[in-house]
Each structure stands twice: as C-alpha cells, then as structure tokens.
Amino acid sequence: MASKILIIGAGGQIGSELTAALRAKHGVSNVITSDINDQNQEMVQSGPFEVVDAKDYDAIKACIDKYDIDTVYLMAALLSARGEKYPEKAWNLNTESLFHVLNLAKAGVIKQIFWPSSIAVFGPSTPKTNTPQHTVCEPTTVYGITKQVGERWCQYYHDQYGVDVRSIRYPGIISHKTMPGGGTTDYAVEIYHKAITERAYTSFLSEDTMLPMMFMDDAIKATIQIMEAPAASIKERSSYNLAALSFNPKDIYESIKKHIPDFKISYAPDFRQSIADSWPSSIDDSVAREDWAWQHDYDLEATTEEMLKHLSLKYGVEVV
Ligand code: SER
C-alpha cells in the first residue's frame, strides 16, 4: 500500500518545497498538506489540504484518521529570532506539536515521523568549528532549547517505545520559493532578493559572521533520503548533524557581486547578532555521511547561480 503522508506546517519555507518533492514522488493525493490557516491559496488549491493547528492533538488525529496517514513530517515551528520575542509561544508550539506526533506513533496510529532539529541546539560552549555530532549542547535561545529538548524526547520515544522518528539538524536554508520567517539565517535569503530588486542590502549580521548553510534542494534531498534509509542505518535517534557550506555575509556578497557588479552591502547588526554568535561556524556531518550516505550537491557559487536565476525570473529583472 502506498504511504500516506501528512505535512504539518506545509506552507513554510521548507514545507512548501518538501510538499512538491514528496508529491512528485508519491502522487498528489498521497501527500496531505496542513497549516494553521488557509491563507496560502496556492497550497490549498494544489491538492488535499486541511487547516490544522499543530498544538491541537485532536485536529492532528482527525486529519490522520480521515486520510489514513502513516507518515508525518512535522515542519511547524517558531524559529530563533521570533522565539526570542515570543518565548512561551515558541515553547508551546515547538514542544506540544512534537509530543502529539510522538504519542500518535507510540499508540501505533502512525508509523514514521520526520522532525527537524537545528544548529540552534548548540551554544557558546560548543566547539565552534567542525562541531561534532556528539558535543556540548547548551543553547541560549528559546528555539534552541525547544530543539534540544525535542531531540531528547525523540531519542526517548525511540528507545522506550520503538518509535521510528528521524531528524536532521538543519543549518540555515537558502531558497527562492517561500520566504523564511523569524530566523537568524534569513539574511542569506533576503540578500538575494534585495540584490535583484534594490542592488543594495543592509545585513543584520556583521560581515565576518560565519554560519553553516545549505541550498534548499540539498535540504530536501537529505530529508527524503533519511526517511527512506533502512531503519538499521539510522543509528542516531536524537538528530543528525548535516552540513553543506559555511560562509559569512561578506562571502555571499562577493559571490553575488560576480553577477551583479554594482551590488552594495552595508552592515547594521541587531539582536540577531548575538544569536548567530552563539552558534557554530561549521559542522562535522561525517556521521550522516557514514550512516545513510548523505552528500551535498551545492556549493556557494552554485547556490548563488540558482538563486539569481530563479529570482530574476520572478521579479522580471535581468542579471548579468
Ligand atoms: N534557520 C534557523 C534560524 O535561523 C536555524 O535553524 O532560526
């Protein structure tokens, strides 16, 4: 029987592209999307969709029963910068939603869960370069705390109840389809939009703030790959380090400038600077590469080419 998938938080930056990839693979009717509201009409019109508040167990359960779902991708979350503004909201959404799906798997209602973790599980006491899979995790953001505690619960539900939950610590994700919202790595998406529309960008992180990043196609590839890997090869049941590239605002500026020579950048670090400063600058993902053969395809130059190609079409502006 074909797998029936529910994506919770499908309207977000990653969810929207995951939806397209999973539908191409499994068929539109086998991938049900859901979000907190039906504002994203493109998503609502494109296939089965339900309004589901990820904090509402009964709403999730009703949707799972209605479509006979066996696999859930829980993509709803409040990210790092927004989480600092709304700590309780971030805690409630990020942890309650995870508990609901873990409990549904524990009860045998669903068979498999994907739950994203983040580089935000790390903190200032973590080794900053080539951060290992197993290391000190003392996050200083609410978002990081929710992800760290979530990782512990994933491991616990796997060990105690045999729940098949799989997870990746995403770095900053760069994409052109849906804007990210409320994250610290969002600058690396905004910069491409502004390069095209205004030929100028003011970065909210300083020029030398190096962070781990990844092009969306690699993130989607990793997500599908970890879910399809044989259970025996998934040895980390908390979450896997995942990496592709690391760069700072100056590096990304220079890579864009090769295509848009009159592009200008200025720097005005705000509260997000201290969040970025608490995170690693590069990640050692050798365990993911070993366990389930993860490999990335896009470096910074390839990412810039893809971003400028798609965004110049979107805005109808020619780029050299
Ligand atoms: N992209 C996220 C953020 O900036 C990190 O996982 O909050």
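The analysis underlying the following values was restricted to heavy atoms, covering all of them including side chains, and did not include hydrogens, waters or symmetry mates.
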Could you tell me whether [X] and [Y] have a side-chain N and a carboxylate O separated by less than 4.0 Å?
{"X": "Asp164", "Y": "Arg166", "result": "yes"}
{"X": "Asp159", "Y": "Arg237", "result": "no"}
{"X": "Lys111", "Y": "Asp70", "result": "no"}
{"X": "Asp285", "Y": "Arg289", "result": "yes"}
{"X": "Lys258", "Y": "Glu254", "result": "no"}

Under a 3.5 Å threshold, yes or no: a donor from one side chain and an acceptor from the other, between [X] and [Y]?
{"X": "Gln273", "Y": "Thr209", "value": "yes"}
{"X": "Ser16", "Y": "Thr19", "value": "no"}
{"X": "Ser117", "Y": "Glu151", "value": "yes"}

Test your reading of the model: is there a side-chain donor-acceptor pair from Ser203 to the backbone of Leu205, 3.5 Å cut-off? yes
Could you tell me if the ring centre of His193 sits under 6.0 Å from that of Tyr201? no
Can the ring centroids of Tyr73 and Trp115 be said to lie less than 6.0 angstrom from one another? no
Should [X] and [Y] be counted in the same cluster of Ile, Leu, Val, Met, Phe, Trp and Tyr side chains packed under 4.5 Å apart?
{"X": "Met75", "Y": "Ile64", "value": "no"}
{"X": "Ile110", "Y": "Leu18", "value": "no"}
{"X": "Ile226", "Y": "Tyr170", "value": "yes"}
{"X": "Ile173", "Y": "Met227", "value": "yes"}
{"X": "Phe247", "Y": "Ile283", "value": "yes"}

Residue pairs passing the salt bridge (Lys or Arg N to Asp or Glu O under 4.0 Å) test with at least one member in residues 24-34, sequence neighbours excluded, are Lys25-Glu228
Who pairs with Asp270 by salt bridge (charged side-chain N to carboxylate O under 4.0 Å, His left out), at least two apart in sequence or on another chain? Arg272
Enumerate donor-acceptor pairs with a distance under 3.5 Å from any side-chain N or O in residues 78-89 to protein atoms, sequence neighbours excluded.
from: Ser80; atom 1: OG; to: Thr184; atom 2: N; distance (Å): 3.2
from: Ser80; atom 1: OG; to: Thr184; atom 2: OG1; distance (Å): 2.7
from: Glu84; atom 1: OE2; to: Val142; atom 2: N; distance (Å): 2.9

